[in-house]
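Chain identifiers are assigned alphabetically (A, B, ...) following the order of the sequence lines, protein sequences preceding nucleic acid strands; residue numbering begins at 1 within each chain.
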Protein chains: 4
Amino acid sequence: MQTDITGRLLICCPDRPGIVAGVSRFLYACGANILDASQHSTDPKEGLFFMRMVFHLENTALTQEQLEKDFQEKVAAPLEMEWQINYTSHRKKMAIMVSKYDHCLMELLLRWRSGELPVDIPLVISNHEDLRELTEDFGIPFHYLPVNPANKAQREQEAIQLIRDSQSDFIVLARYMQILSHNFVSEFPGKIINIHHSFLPAFAGANPYKNAYTRGVKLIGATAHYVTDDLDEGPIIDQDVARVSHKHAVNDLVMLGRDIERQVLTRAVVAHIEDRVIVHGNKTIVF
Amino acid sequence: MQTDITGRLLICCPDRPGIVAGVSRFLYACGANILDASQHSTDPKEGLFFMRMVFHLENTALTQEQLEKDFQEKVAAPLEMEWQINYTSHRKKMAIMVSKYDHCLMELLLRWRSGELPVDIPLVISNHEDLRELTEDFGIPFHYLPVNPANKAQREQEAIQLIRDSQSDFIVLARYMQILSHNFVSEFPGKIINIHHSFLPAFAGANPYKNAYTRGVKLIGATAHYVTDDLDEGPIIDQDVARVSHKHAVNDLVMLGRDIERQVLTRAVVAHIEDRVIVHGNKTIVF
Amino acid sequence: MQTDITGRLLICCPDRPGIVAGVSRFLYACGANILDASQHSTDPKEGLFFMRMVFHLENTALTQEQLEKDFQEKVAAPLEMEWQINYTSHRKKMAIMVSKYDHCLMELLLRWRSGELPVDIPLVISNHEDLRELTEDFGIPFHYLPVNPANKAQREQEAIQLIRDSQSDFIVLARYMQILSHNFVSEFPGKIINIHHSFLPAFAGANPYKNAYTRGVKLIGATAHYVTDDLDEGPIIDQDVARVSHKHAVNDLVMLGRDIERQVLTRAVVAHIEDRVIVHGNKTIVF
Amino acid sequence: MQTDITGRLLICCPDRPGIVAGVSRFLYACGANILDASQHSTDPKEGLFFMRMVFHLENTALTQEQLEKDFQEKVAAPLEMEWQINYTSHRKKMAIMVSKYDHCLMELLLRWRSGELPVDIPLVISNHEDLRELTEDFGIPFHYLPVNPANKAQREQEAIQLIRDSQSDFIVLARYMQILSHNFVSEFPGKIINIHHSFLPAFAGANPYKNAYTRGVKLIGATAHYVTDDLDEGPIIDQDVARVSHKHAVNDLVMLGRDIERQVLTRAVVAHIEDRVIVHGNKTIVF
């Protein structure tokens with residue numbers, strides 16, 4: 001049986017001559033055309049090489065399994081690569097967690113409906129009922145999991161189960177105002193994207209707009225990052241800022257901030273969907 | 001004797017009806033034309049009113065002293081104002097302190113020579129000899145005051161004396177890499193502008209570019225602020241950022257940062273020269 | 001009967017001493033507090049003075065009519081002012097005209113629903129049926145007025161009648177893809193805001209994204225302006241740009257451009273609602 | 001004899017499978033390490049492939065001549081490539097042409113002196129004497145070639161001869177206010193970088209700041225582009241903008257514009273020096 005394969009190969013390996021040659025020769029031998037390629041070498045002391053390569057095989061008899069098996073043997077093993085291939089034929093599934101603010105959720109849903117976010121959204125989970133109608137208007141199941149100190153661990157377990165059952169590939173915290181436990185985070189390592197409403201590392205933690213107001217900064221920001229056990233300390237995917245002045249009260253900062261949040265979150269989600277992000281230590285490479 | 005007066009009036013007083021009317025009626029009665037006016041009210045709880053008003057008296061018999069005396073009696077006292085008038089006839093004197101980096105100094109000197117900075121620069125003080133030639137090429141006296149732990153207090157005293165003797169109105173730390181003592185700072189309250197090479201409050205202290213690199217931020221910044229006793233905690237005048245990526249090594253951040261630093265510092269200095277900045281608590285109002 | 005009045009006074013008059021004094025003395029005598037004030041003088045050759053002043057009268061026996069009559073007699077007539085006062089008690093009515101693209105309409109409706117746009121939206125008019133459901137979901141009447149060369153004049157007349165009947169204060173063309181006739185434009189002078197999907201004056205007319213792609217620009221933009229008889233030549237209210245590169249195909253520009261369009265249009269609409277915009281010749285003063 | 005080679009390979013060829021593989025296999029066989037690679041495919045209708053590859057050969061017995069000969073035979077010919085290799089061992093020579101404005105020249109000279117621009121600057125040519133001292137202070141020969149309608153052709157010929165004699169690789173028009181003839185331009189195709197003081201294609205031609213002021217735009221810009229026979233129509237390398245308002249007179253636009261000009265020009269010059277720019281038709285690919 002003949003088929004088409006479009007894959008996005010992400011690799012990390014010790015830097016040395018022959019990597020690009022090895023990979024591209026392999027793909028060429030398979031009959032693949034390289035549609036896009038980006039690479040990054042860390043400084044010589046660390047000596048790591050990262051690459052994202054998008055390739056296309058037309059009308060091939062190869063299966064994904066065979067392709068990956070061959071790649072592992074012929075290229076990855078000799079060059080000591082960590083690698084993965086994501087196929088465009090697999091439409092990613094994105095779970096969303098929210099609380100009461102609707103701007104980030106709305107932005108994601110609108111872009112999803114317009115086709116800008118090529119994902120399925122199997123579910124939205126919230127600790128409040130407020131955004132049920134909005135979510136269901138888009139035809140997406142909404143799960144209400146109210147959280148209090150007593151039931152938090154259990155609710156997280158329920159959320160984990162819902163997300164697992166939905167086969168979601170990643171989770172977006174679209175202003176979800178609960179701190180996730182180590183248990184939750186370790187369940188989905190490198191798979192949870194959060195939008196924090198400040199220019200990290202400035203104003204980590206609660207009430208960033210209020211703190212920005214108090215400090216009298218002249219720019220406010222937002223940061224999209226992967227969630228790790230250290231609150232607001234995970235690898236940053238994208239950030240942006242907007243200019244403010246003494247005229248802006250805290251509420252104005254909140255309003256202006258909403259626009260930055262939704263833009264930055266969208267850009268981060270798009271980068272994640274397109275497999276442009278490689279996490280390396282506590283930093284990201286965004287090709 | 002008849003003369004022209006152009007003044008910039010800055011006021012702060014309890015917010016209540018009649019302030020603009022009182023001030024503008026007074027100026028009108030003096031024969032002044034109001035060239036520009038900006039105002040700001042803090043939230044009702046604090047209840048303060050700030051205003052900057054630029055006025056022009058043509059061919060007046062009034063002296064500055066008489067004008068100020070009348071203003072105090074007729075307007076400022078009844079309305080419980082703190083106020084000052086700066087006259088464009090007084091060209092401000094700007095002292096500069098630097099260490100080894102030349103980009104901020106060069107920017108200030110070039111803009112000064114082109115007429116963009118309407119100030120006199122009576123002296124440049126440095127703890128290194130490196131920038132002597134550059135400074136003297138612009139015809140500005142350069143004072144070398146090398147600092148070590150043993151002589152720091154004495155050197156600061158010498159700097160204070162030099163600045164006092166020069167009758168400087170304000171001091172710009174154009175990447176001066178020494179922390180000023182409480183003694184120095186209290187000598188020139190609200191008169192020292194520093195450029196810090198990060199987006200404060202992120203990366204306060206030493207090595208901000210290195211720390212920004214380590215954290216993996218996607219924007220780097222610079223902050224111009226008034227110097228207070230708390231290092232990097234003074235009232236912020238201006239800030240800006242530039243986009244960076246995983247491709248940028250620490251040295252690249254340093255290079256990119258130079259451009260932000262010199263722009264932000266210039267904007268802050270211009271605002272200070274034009275009497276657009278009012279410090280209120282630990283924040284600024286920049287009209 | 002006692003009431004509160006918050007007004008936004010916009011004035012234009014020949015520049016001379018005493019304007020601020022005259023206006024603020026008048027308002028003070030009425031018992032008004034000045035909440036905000038901005039002014040602008042054109043160059044001396046033209047010699048015009050513009051001002052926006054927001055004032056508040058608490059618990060006053062004055063009616064708007066009496067206030068305006070007094071102002072005209074005591075201040076405006078002697079100073080040869082053109083002026084108007086808009087009262088915050090009058091919630092503006094905003095008519096929207098669209099074609100098929102939903103992003104600008106959606107942005108306006110979302111911000112309206114969230115309270116960011118303090119207006120009523122009495123109707124949406126479109127030459128296509130596509131956005132009926134979206135509009136009606138927000139509880140807003142949708143009028144379908146399909147246009148072809150034969151019926152265009154008549155359809156415009158129907159639109160004029162609908163807008164008049166709705167008592168709309170201004171009209172937003174949220175990507176309405178028909179050129180309005182002189183007849184329509186002259187019916188609502190200075191009351192029609194259009195969003196053009198380029199950085200005017202570059203790429204006026206049709207297909208700006210395609211033309212931007214062909215020219216190979218490195219930034220694309222959007223422009224919000226008041227509509228005049230000269231297509232894409234009316235007074236500009238706001239503009240913004242986004243960075244693009246050789247990687248972006250026309251469709252990418254369209255997608256990126258959507259975000260700029262909706263931001264710029266929103267800012268222009270907010271400025272108009274808050275009476276911050278004065279049209280002067282073919283330019284705007286945006287306080 | 002053994003030596004090191006660092007080369008930047010730029011290629012353009014019909015898009016097809018095997019290009020990356022072919023090039024990287026060749027380089028690997030030579031013993032080269034690929035330091036950086038970027039590629040771009042135009043839309044399938046045009047079907048072109050562009051690539052920039054930076055490679056390093058350590059301690060090789062190969063000469064540049066042999067390397068290029070082999071590459072042509074084994075890779076370029078079969079794949080119908082247009083290509084060139086620039087070697088970092090060849091420090092580019094940059095000629096500068098100016099008139100009276102010093103800000104772009106100063107920016108280039110400062111960055112050159114600080115090492116940010118890894119070029120030699122063999123000469124500055126000007127139609128005015130104004131910038132002689134500035135230029136010579138940096139130790140660079142200054143040639144005064146005053147132009148009038150009668151001698152323009154001859155002066156251009158003299159400039160061509162000076163630039164040829166200096167073996168300059170490219171020419172930067174750092175606000176050179178003369179239109180170059182077809183004769184001059186065709187002498188250095190794709191080798192002349194101009195900074196135009198507007199956001200092209202808006203405000204092409206003379207007096208862009210005045211025209212921007214008259215039109216009432218809310219952003220002003222600058223554009224760096226390669227010079228072609230069509231004035232201000234050549235391939236754009238970089239652009240940027242700054243926000244302006246009704247408060248800015250023409251002179252303010254000129255002053256603000258200077259900062260954009262020098263930044264945009266610098267970025268374009270750096271991209272050119274690093275062989276990041278490929279001209280394709282009337283557009284650029286900037287890797």
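Only the side chain of D:Asp43 comes within less than 4.5 Å of a heavy atom of chain C; its backbone N, CA, C and O stay farther away. Both the backbone and the side chain of D:Asp240 come within less than 4.5 Å of a heavy atom of chain C. Contacts between C:Thr284 and chain D at a heavy-atom distance below 4.5 Å involve backbone atoms as well as side-chain atoms.
Annotation for D:Phe50: atom CZ counts as buried by contact number, over 12 foreign heavy atoms lying within 6.0 Å. Around the OH atom of D:Tyr101, the shell of radius 6.0 Å holds no more than 12 heavy atoms that belong to other residues, nucleotides or ligands. Heavy atoms from other residues, nucleotides or ligands lying under 6.0 Å from CD of C:Glu82 number 12 at most.
Between atom OG of residue C:Ser41 and atom NZ of residue D:Lys247 there is a gap of 12.0 Å, rounded to the nearest 0.5 Å.
Side-chain contact between D:His40 and C:His246 is present, with at least one heavy-atom pair separated by less than 4.5 Å. Under the 4.5 Å side-chain criterion, counting only non-hydrogen atoms from C-beta, D:Arg243 is in contact with C:Asp238.
Scanning residues 213-234 of chain D against chain C with a 4.5 Å heavy-atom cutoff picks out D:Tyr213, D:Thr214, D:Arg215, D:Gly216, D:Val217, D:Lys218, D:Leu219, D:Asp232, D:Glu233, D:Gly234, ordered by number.
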